[in-house]
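Along the sequence shown, residues are numbered consecutively beginning with 1.
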Amino acid sequence: MSDEEDGGSLYVLTAVLLTPAQFPAVLGDDFPEACAHLGVEPAADGYGLVLGQDEEGARWTVVVDDVSLVAAAIASWDCGMDYDLSPDERTIVASLAGWPLELTVSTAGVPEPHDPPQGADGTGRVPLAPPSAEVWGPVQRRLGADQIAREWADWRERVAEDGGAAAAAHPGLARALEEAAGYGRQAPPPGRVRSAFAGEGVRTLRADGPGWSLVARTGGPAFVLLDEEPGGVLSVPGAGEAGLPELSGLLAALDGVAARPA
């Protein structure tokens with residue numbers, strides 16, 4: 001698949017959405033921060049990010065405003081179907097050197113993936129790059145919360161087994177829950193809280209704040225990750241599990257202000 005711009009081709013490897021309801025955790029705690037990371041305005045409808053290689057193998061991330069096209073491509077690929085993602089040049093908002101995500105695929109017949117020279121995209125910035133796995137910080141904390149959301153059944157079972165007692169008196173947990181509760185009283189920046197379908201009558205909630213990330217399911221437990229606890233996961237049991245009595249109300253309030261996929 002290719003996209004023509006300035007006479008060159010972009011061989012598309014993958015694409016992701018950048019919307020208030022769904023954006024790569026590596027880019028920020030909320031949608032405006034994620035957009036700022038890429039140097040684009042936080043448009044209400046969001047963007048699609050198209051990741052690929054040029055004819056010389058260089059990595060490029062193309063930001064397009066045709067969100068529907070990118071969403072259709074992702075849905076087709078998820079179903080194992082082919083989809084020729086070729087955005088119209090008029091939809092291109094920015095072409096950025098590098099990839100913000102780790103990709104293990106490449107385009108057959110072109111050189112191995114590599115970053116173009118700094119400044120090749122006209123921004124003067126260092127090319128985008130995925131985060132290091134050797135350190136712990138806000139990016140790794142957010143990625144950890146996303147992983148828990150994907151592996152919910154396993155983490156839910158852990159709470160059932162240990163009751164989350166170790167987290168009960170943690171000062172960082174109390175601070176995170178208090179700040180999360182504040183979102184229900186004063187709406188946070190778009191994308192700071194997100195809600196996704198997880199089954200009939202159940203939503204998966206993701207919330208982030210300064211130094212913390214929360215992942216939960218309505219009616220169930222919650223997990224909190226902190227910058228101050230490298231690699232640690234603090235659990236808060238849900239209703240009927242000796243959990244915090246206000247947890248269900250907190251999750252309901254978060255769901256009420258959350259961004260939701262269209």
Between [Y] and [X], is there a side-chain heavy-atom distance shorter than 4.5 Å?
X    : Y    : value
L101 : P24  : yes
T61  : P100 : yes
L10  : V62  : yes

Pairing residues for W212 by the ring-ring contact (aromatic ring centres under 6.0 Å, His included) criterion, not counting sequence neighbours: Y183
ring-ring contact (aromatic ring centres under 6.0 Å, His included) partners for W152, two or more places apart: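 W152 satisfies ring-ring contact (aromatic ring centres under 6.0 Å, His included) with F223 only.
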Selection residues 17-41 - residue pairs positive for ring pair (Phe, Tyr, Trp, His ring centres under 6.0 Å), sequence neighbours left out: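 Listed by first then second residue: nothing to list.
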Of all pairs that satisfy ring pair (Phe, Tyr, Trp, His ring centres under 6.0 Å), the ones with a partner from residues 114-149, not counting sequence neighbours: none
Nearest 0.5 Å please: distance from the [atom1] atom of [X] over to the [atom2] atom of [Y].
X    : Y    : atom1 : atom2 : value
I148 : L143 : CD1   : CG    : 11.5 Å
E179 : L177 : CD    : CG    : 10.0 Å
L18  : C35  : CG    : SG    : 4.5 Å
L234 : E229 : CG    : CD    : 6.0 Å
L51  : L128 : CG    : CG    : 8.5 Å
I74  : L85  : CD1   : CG    : 8.5 Å

Heavy-atom neighbours of D78 CG exceed 12 at 6.0 Å: yes
Steps toward side-chain contact (heavy atoms from CB on, under 4.5 Å) verdict (V236, L173): CA-CA 9 Å; V236 183; L173 173 65; 3.8 Å; yes
Partner set under side-chain contact (heavy atoms from CB on, under 4.5 Å) for [X], not counting sequence neighbours:
X    : value
A94  : V40, V63, L96
E178 : none
A43  : Y47
V110 : Y11, Q53, T107

Salt bridge (Lys or Arg N to Asp or Glu O under 4.0 Å) contacts touching residues 113-129 (sequence neighbours left out):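 Qualifying pairs: R59-D115.
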Pairs satisfying salt bridge (Lys or Arg N to Asp or Glu O under 4.0 Å), at least one member in residues 138-152, at least two apart: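 Passing the test, one end in residues 138-152: D29-R141, D29-R142, R141-D208, R141-D227, D146-R206.
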Over all atoms of both residues, closest heavy-atom pair of [X] and [Y]:
X    : Y    : result
P261 : A21  : N-CB, 3.4 Å
D54  : W60  : OD2-NE1, 3.0 Å
A216 : L251 : CB-CD2, 3.6 Å
D45  : V67  : O-CG2, 3.4 Å
A176 : L226 : CB-CD2, 4.3 Å

Would you say [X]'s side chain and [Y]'s backbone share a donor-acceptor pair under 3.5 angstrom?
X    : Y    : value
T91  : P87  : no
Q140 : G137 : yes
R192 : P189 : no

Sequence-distant partners of R90, side chain to side chain donor-acceptor pair (under 3.5 Å), two or more places apart: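 Checked R90 against side chain to side chain donor-acceptor pair (under 3.5 Å); matches are D88.
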Partners passing side chain to side chain donor-acceptor pair (under 3.5 Å) against S195 (at least two apart in sequence or in another chain): R203, D255
Steps toward side-chain contact (heavy atoms from CB on, under 4.5 Å) verdict (L225, L214): CA-CA 7 Å; L225 294 84; L214 178 147; over 6 Å; no
